[in-house]
Amino acid sequence: MKTTLRTIFVALVATLSFTVGYAQKNNVSSAERIAKKKEADFGEARKLIQQAMDNPETKDDAKTYYVAGFIEEQNFTQENLKQVVGETPDRAVMNKALLDMYSYYIKAKEIDNQPNEKGKIRPRYTKSILKAFETNLLYFINAGGYYMEVQNFEDALRAFNAFTSIKAQPEFKGGPVALADSNSMMVDFFSVITAYQAGKKEQAIKLAEKIQDVPYRQNDLLQVLSQTQIEVGDTTAYVNTMKKGLELFPDEAYYSVNLINTYIGQGKDDLAIQTLDAAIKKSPSNVQLYDVMGKLHENAGREEQALSYFKKALEIDPEYMDANYDLGRVYYNMAVTIKSGEGIDTNSDDKARELFNKALPYLEKAYEKDPNQTYYLLGNIYYQLGMNDKYKAIMEKHK
């Protein structure tokens, strides 16, 4: 039988294809052998396995990705064990290997659990992968902490997501690995923080909303959630989160103050006062609430009511700077109004002087805490009361 040129060409292509495929499978085996060595050349192992992952003959094999993950697992383990013998591991190398291990093993497990040509699922590597996941699970928390420390929030989020993903593997369902514990709550919380820090605000909101009722740093979580909601412009969700925070943590001024400021910004002063009244009833010793209430009444032109709330704050904490400053400021403004001829006591210099004198001790107290905010008003009072030496001294100090 006569051999044609085409027959020779087809045979040659088949031979080359077999040879290339065999070579790549040999690369996979060689990479695995290298990674098992005590003094492994991980650079060479990665080079070989990368060739296999790039080649059409082996890029879809479960073993290719299993060995890629195994290389990273071995690299991570060798670095991590340095601590046992008093050496310092390379944390950058160690944690990168851990994250890469997870990525490769997840890919290998996905391929390993695909039906074969007969429709059967016969995984060869899944058991080993799950064992590696279980063994190294808590190290993903350490990796997340490391990446947060170096402000690489993208990889910190990858580490925390890997931890969560491992616990959610269906093979672990009902077992100790899948158990929701304090580590889970911590990782969920820091996943929100790292998503926010990485600029993934929508993802941060989604994660936070999912765990907002979990009793782990709930106060902090709701503050981060509300801040992120307002940054993306979702005022309705922001207000609802602030209400929830105020209900759960009535002593936390963050919620009441920001919620009230939101209402004020929306022109809802009555709702702001109503919210403050409720907050004061729940937290009657919170001086900041009284101070904010005083400012609300002051803005509405109700100076006497404003003064009463500032005084109430100082009854609770005489050292509270804001209330001292605000009380002195209101007295000062009332005196200036009289002297300018805009009040009903237009020509009453005595009345103005009396108000300046009332303002004086409060502003002097506030000056002790925050000179830069207070010196101008205090200096003007010294001037109005003829206390020239004190006026010159304070203005010279802050010129």
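Keep in mind that what you see is a predicted model, and the values were worked out from it rather than measured.
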Which heavy atom of Leu289 sits nearest to which heavy atom of Ser283, and what is that distance?
CD1-O, 3.9 Å

Short side-chain to backbone donor-acceptor contact, Thr64 and Thr58, under 3.5 Å
yes

With heavy-atom distances below 4.5 Å as the criterion, would you say the side chains of Lys365 and Glu319 are in contact?
yes

From the options Lys37, Lys47, Gln74, select the one residue that forms a side-chain contact (heavy atoms from CB on, under 4.5 Å) with Phe42.
Gln74

Same cluster or not: are Leu307 and Tyr362 linked, directly or through other Ile, Leu, Val, Met, Phe, Trp or Tyr residues, by side-chain heavy atoms under 4.5 angstrom apart?
yes

Does any part of the side chain of Met321, heavy atoms only, come nearer than 4.5 Å to the side chain of Thr374, both counted from C-beta?
yes

Gln212 (side chain) donor-acceptor with Glu209 (main chain) under 3.5 angstrom
yes

Should Glu247 and Lys282 count as an ion pair when the cut-off is N to O under 4.0 Å?
yes

Are Asn75 and Arg46 close enough, and set up right, to give a side-chain contact (heavy atoms from CB on, under 4.5 Å), and what steps lead you there?
CA-CA 11 Å; Asn75 194 183; Arg46 289 187 179 104; 2.5 Å; yes

Check the pair Ser29 / Lys63 against side-chain contact (heavy atoms from CB on, under 4.5 Å), numbers first and verdict last.
CA-CA 9 Å; Ser29 298; Lys63 185 175 181 179; 3.8 Å; yes

Verify same cluster id: Leu207, Val224 (apolar side-chain graph, 4.5 Å)
yes

Stepwise side-chain hydrogen bond (donor to acceptor under 3.5 Å, both in side chains) test for Thr194 and Tyr147
CA-CA 10 Å; Thr194 51; Tyr147 285 119; over 6 Å; no

Which atom of Gly294 lies closest to which atom of Ala306, heavy atoms considered
O-CB, 3.1 Å

Would you find a donor on one side and an acceptor on the other, under 3.5 Å apart, between the side chain of Asn80 and the backbone of Phe76?
no

Is the side chain of Ser256 donor-acceptor paired with the backbone N or O of Ala253 at a distance under 3.5 Å, no angle test?
yes

Quick check on the 6.0 Å ring-centre criterion: do Phe356 and Tyr332 meet it?
yes

Considering only heavy atoms from C-beta outward, does the side chain of Leu48 approach that of Glu32 to under 4.5 Å?
no

Taking the side chain as C-beta and beyond, is there a heavy-atom pair between Ile205 and Leu225 under 4.5 Å?
yes

Grouping I, L, V, M, F, W and Y whenever their side-chain heavy atoms are under 4.5 Å apart, do Tyr196 and Phe163 come out in a common cluster?
no

Student check: side-chain heavy atoms of Lys369 and Asn324 closer than 4.5 Å:
no

Between the side chain of Lys339 and the main-chain N/O of Asp349, is any donor-acceptor distance below 3.5 Å?
no

With a 4.5 Å cut-off on side-chain heavy atoms, are Lys397 and Tyr375 touching?
no

Heavy atoms from other residues, nucleotides or ligands near NZ of Lys82 exceed 12 (cutoff 6.0 Å):
yes

Okay, side chain of Ser226, backbone of Gln223: is any donor-acceptor separation there less than 3.5 Å?
yes

Sidechain N-carboxylate O distance under 4.0 Å for Arg353, Asp350
no

Do the side chains of Lys281 and Asp277 get close enough for a salt bridge, i.e. N-O under 4.0 angstrom?
no

Could you tell me how the ring of Tyr105 sits relative to the ring of Phe133: parallel (under 30°), tilted (30 to 60°) or perpendicular (over 60°)?
perpendicular

May I have the step-by-step check of side-chain hydrogen bond (donor to acceptor under 3.5 Å, both in side chains) for Asp54 and Gln50, ending in yes or no?
CA-CA 6 Å; Asp54 291 340; Gln50 186 63 54; 3.0 Å; yes

Can you get from Leu179 to Ile141 by hopping between Ile, Leu, Val, Met, Phe, Trp and Tyr side chains that sit under 4.5 Å apart?
no

Given side chains that start at C-beta, do those of Tyr309 and Arg302 come closer than 4.5 Å, heavy atoms only?
no

Atom NZ of Lys244: over 12 foreign heavy atoms under 6.0 Å
yes

Could you tell me how the ring of Phe189 sits relative to the ring of Tyr216: parallel (under 30°), tilted (30 to 60°) or perpendicular (over 60°)?
perpendicular

What pair of heavy atoms forms the shortest contact from Val287 to Ala313, and how long is it?
CG1-O, 3.4 Å

When you look at Tyr382 and Glu364, which way does the side-chain hydrogen bond (donor to acceptor under 3.5 Å, both in side chains) test go after all the steps?
CA-CA 10 Å; Tyr382 287 147; Glu364 286 182 328; 2.7 Å; yes

May I have the step-by-step check of side-chain contact (heavy atoms from CB on, under 4.5 Å) for Asp61 and Val28, ending in yes or no?
CA-CA 10 Å; Asp61 287 352; Val28 173; over 6 Å; no

Would you say Asp181's side chain and Ser184's backbone share a donor-acceptor pair under 3.5 angstrom?
yes

Hey, does the side chain of Tyr290 reach the backbone of Pro284 with a donor-acceptor pair shorter than 3.5 angstrom?
yes

Indicate, with yes or no, if Tyr102 and Val67 share a hydrophobic cluster defined by side-chain heavy-atom contacts under 4.5 Å among Ile, Leu, Val, Met, Phe, Trp and Tyr.
yes

Heavy atoms of Ile71 and Ala45 approach each other most closely as CD1-O, 3.6 Å

With a 4.0 Å cut-off on N to O distance, would you call Glu79 and Arg91 a salt bridge?
no

As a quick check of understanding, evaluate side-chain hydrogen bond (donor to acceptor under 3.5 Å, both in side chains) for Tyr320 and Asp291, giving each step before the final call.
CA-CA 10 Å; Tyr320 186 52; Asp291 186 64; 4.5 Å; no

Could you tell me whether Lys200 and Glu154 make a salt bridge, using a distance below 4.0 angstrom between a side-chain N and a carboxylate O?
yes

Aromatic rings Phe249 and Tyr255: how do their planes relate, parallel, tilted or perpendicular, breaks at 30° and 60°?
parallel

With no hydrogens and no angle check, just 3.5 Å: does a side-chain donor-acceptor pair link Glu171 and Thr126?
no

Keeping Thr135 on the side-chain end and Lys131 on the backbone end, is there a donor-acceptor pair under 3.5 Å?
yes

Note: Glu298-Lys295 ion pair, threshold 4.0 Å (strictly below)
no

Taking all non-hydrogen atoms of both residues, which atom of Ile111 and which atom of Asp60 are closest, and how far apart?
CG2-O, 3.3 Å

Report yes if the side chains of Met293 and Ile273 come closer than 4.5 Å at any heavy-atom pair, otherwise no.
yes

Sub-3.5 Å donor-acceptor pair from the side chain of Ser165 to the main-chain atoms of Asn161, do we have one?
no

Are Lys109 and Asp112 close enough for a salt bridge, meaning some N to O gap below 4.0 Å?
no

Can you tell me if CG on Asp389 sees more than 12 non-hydrogen neighbours from other groups inside 6.0 Å?
no

